[in-house]
Amino acid sequence: GDIMKLVFIGADHEVTGSCHYMEVGDKKFCVDIGMEQGQDLFENQEIPVNPSEIDFILLTHAHIDHTGLLPMLFARGFRGQVYATKATVDLSQIMLRDSAHIQQFEAEWRNRKARRSGGEIYEPLYTMEDALGAIRLLVPCEYDKKVTICDEVTIRFTDVGHLLGSSSIEVFAKEGEEERTVVFSGDLGNTHKPILRDPIYTKAADYVVMESTYGDRLHGEEAPDYVGELAAIIENTFRRGGNVVVPSFAVGRTQEMLYFIRQIKAEGLIHGHDNFKVFVDSPLANEATNIFGIHKYDCFDDEALELIRKGINPLSFPGLKISVTSEDSKAINFDDDCKVIISASGMCDAGRIKHHLKHNLWREDSTILFVGYQAVGTPGRALLEGTQEIKLFGEPVHVAAKICRMPGISGHADVNGLVDWIKAFEVKPQKVFVTHGEDTVTELFAARLRDEMNYDAYAPFSGTEFDLAEGEFLYEAEG
């Protein structure tokens, strides 16, 4: 029948677990299928059909809060194709494997505890096999080219500069005589971000589903001088004879740090330590850096491409050391020279970073440098708030190192960036659905679009259904 509907499933009135579900005629599909991270505020609706009945999935970008449940759907019978940009496909291959690894690791750890206390045995959300099965379904697409998936649905990906390969997606839906265009913003990038282009705008849509992560905040007027600040932190630490330890997300953040450090070295900004070593201690980060290199021509901005035209690799430099095995990782701490250690994971509650913290936190000559957000309840947050002691491997470690924070290289557009993106539509969309923001932020941003700019804006709760052909709600969920 003549069905054309949109159902809001995840990241509604909250930031993680993005998922939207559409039906056009007899075709059923999802846009993003993210895993929730951090505290769960709302019970989300399940997708209204069995995973084996979903025809295909579209992904806006590779972050786990947009892709992370794909292996779970595979485990439950989904076998359709998954469309994403080329770079998103490549990054998802490493990130979904990494996610499966974390799932299994956590399950083993919980089950060791459960066996000791006679508790319930915990099943991981999915296994490595499920992740590999899901990866086989990925279909790489180009930016800016229409892709016809079936008679009812054609799509197009546009670069929005949030992460390598990130996109907004235009969905051209056709059922009988009715045609509607729905644009999903994905996560909109920040302007002046290193390596990546600024978001590219879309001109036309009947309906828009947009994010609002920073729907109530400005990043500040001036773009910070990252290279100058980072050089000062490295130089001051080396002058004291210490190391700079950077807990960093493997994908995105780490490559930005490499980009800045290359510039610092090229401009000779660290006096007396020209040949300092930089260790990237994260197998995932090293794979991600290679993927960045592969996608330079489809994803890099003009500044980065200018370097490439001159024969310079913007993510490499003399003194860069890649550590692969855990032996490589341990050897770093026996190197007496002043150095920079970039290690995953981002909020320092996993893996190799713990070893580097153990070896450097007690040294007053070392610096722990945080880039990006440290969530409440993580060791990173505790260190930034001045804790004197932290537990690592079950033992207390005294904190004597200098704890620094590099102000936000935010991956997300601020409120002005969000407004610029929606204003670029030449005719106002019939409705703007505001999602992917903290509870009150979605409401505040929707109200701003309504009151100041006359958009028909609405912040749905999970479970809300909308008829795109008739332009009316089939069901409005309550918070």
Side-chain angles (χ1 to χ4, degrees), residues 64 91 94-95 97-99 101-102 105 164 195 230 233-234 237-238 241-262 264-265 270 273 275-293 313-363 365-374 378-380 383 390 392-393 395 397 399 401-406 409:
I64 290 297
L91 287 177
I94 60 173
M95 292 170 80
R97 291 203 317 263
D98 186 61
S99 176
H101 183 77
I102 291 168
F105 184 80
L164 191 85
I195 309 167
L230 182 56
I233 290 167
I234 295 173
T237 307
F238 287 0
N243 302 317
V244 179
V245 178
V246 187
S248 177
F249 290 114
V251 181
R253 276 288 186 263
T254 293
Q255 291 72 32
E256 289 170 351
M257 297 304 285
L258 295 177
Y259 186 86
F260 296 141
I261 294 170
R262 185 212 65 82
I264 286 170
K265 287 197 165 219
I270 310 291
H273 290 272
N275 303 320
F276 70 91
K277 286 177 267 195
V278 177
F279 291 89
V280 178
D281 188 22
S282 156
L284 183 63
N286 292 321
E287 286 190 72
T289 302
N290 292 338
I291 290 170
F292 268 67
N313 177 348
L315 304 179
S316 188
F317 43 81
L320 177 60
K321 311 278 182 209
I322 301 302
S323 85
V324 180
T325 65
S326 55
E327 274 58 49
D328 294 342
S329 178
K330 289 178 183 133
I332 296 171
N333 294 306
F334 295 102
D335 178 310
D336 292 333
D337 299 333
C338 295
K339 57 197 166 292
V340 175
I341 303 167
I342 300 173
S343 182
S345 82
M347 296 184 188
C348 52
D349 50 7
R352 299 181 175 196
I353 183 65
K354 284 187 177 169
H355 291 276
H356 301 302
L357 290 172
K358 184 180 86 175
H359 286 278
N360 287 280
L361 270 174
W362 58 271
R363 295 176 52 167
D365 53 7
S366 282
T367 299
I368 315 299
L369 172 62
F370 288 101
V371 280
Y373 183 69
Q374 300 300 313
T378 57
L383 288 169
I390 188 167
L392 291 169
F393 307 106
E395 290 173 27
V397 177
V399 178
K402 194 168 172 359
I403 310 292
C404 290
R405 183 161 176 262
M406 230 167 109
I409 318 177

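Note that the numbering runs from 1 along the sequence shown for the chain.
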> Between L230 and M257, does a side chain to side chain contact (heavy atoms under 4.5 Å, CB included) hold up when you go through it step by step?
Replying inline: CA-CA 9 Å; L230 182 56; M257 297 304 285; 3.8 Å; yes
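- Residues M406 and V371 share a closest heavy-atom pair of CB-CG1, 3.7 Å.
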> Stepwise, does the side chain to side chain contact (heavy atoms under 4.5 Å, CB included) test hold for V397 with L357?
Replying inline: CA-CA 9 Å; V397 177; L357 290 172; over 6 Å; no
> Given the rule in the side chain to side chain contact (heavy atoms under 4.5 Å, CB included) test, do F238 and V340 qualify, once you have shown the distances and angles that lead to the verdict?
Replying inline: CA-CA 9 Å; F238 287 0; V340 175; 4.1 Å; yes
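- For the residue pair L91 and L164, the shortest heavy atom distance occurs at CD1-O, 3.5 Å.
- For S99, the side-chain contact (heavy atoms from CB on, under 4.5 Å) criterion is met by M35, I64, Q103, Y126, not counting sequence neighbours.
- Taken to the nearest 0.5 Å, the CH2 atom of W362 stands 14.0 Å off from the CG atom of L392.
- For V324 against D328, the heavy-atom pair with the smallest separation is N-OD2, 2.8 Å.
- With rounding to the nearest 0.5 Å, the separation of CD1 in I368 from CG in N243 is 9.0 Å.
- Between S329 and H356, some side-chain heavy-atom pair lies under the 4.5 Å cut-off.
- Listed here is the closest heavy atom pair of K265 and N275: NZ-C, 3.8 Å.
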> Going through the checks in order, is the side chain to side chain contact (heavy atoms under 4.5 Å, CB included) test met by T289 and L258?
Replying inline: CA-CA 9 Å; T289 302; L258 295 177; 4.0 Å; yes
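- Note that CD1 of I195 is 5.5 Å distant from CZ of F292, once rounded to the nearest 0.5 Å.
- With a 4.5 Å cut-off on side-chain heavy atoms, I261 and I342 count as touching.
- Partner of T237 under the side chain to side chain contact (heavy atoms under 4.5 Å, CB included) criterion, out of L369, T367, I270, V245: T367 alone.
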>> side chain to side chain donor-acceptor pair (under 3.5 Å) for T254 and S248? Distances and angles first, verdict last.
In response: CA-CA 6 Å; T254 293; S248 177; 3.2 Å; yes
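- In this structure, the separation between CZ on R97 and CG on L284 is 8.5 Å, given to the nearest 0.5 Å.
- With respect to D365 and R363, a salt bridge is recorded, a charged nitrogen being found less than 4.0 Å from a carboxylate O.
- With D281 as the fixed residue, the side chain to side chain donor-acceptor pair (under 3.5 Å) test singles out one of K321, H355, R352, K330: R352.
- Minimum interatomic distance between Q255 and L315 (heavy atoms only, all atoms of both residues): O-CD2, 3.4 Å.
- To the nearest 0.5 Å, atoms CD1 (I353) and CD1 (I341) are separated by 8.0 Å.
- Listed here is the closest heavy atom pair of A250 and A288: O-CB, 3.9 Å.
- In this structure, NZ on K354 lies 9.5 Å from CD1 on I390, to the nearest 0.5 angstrom.
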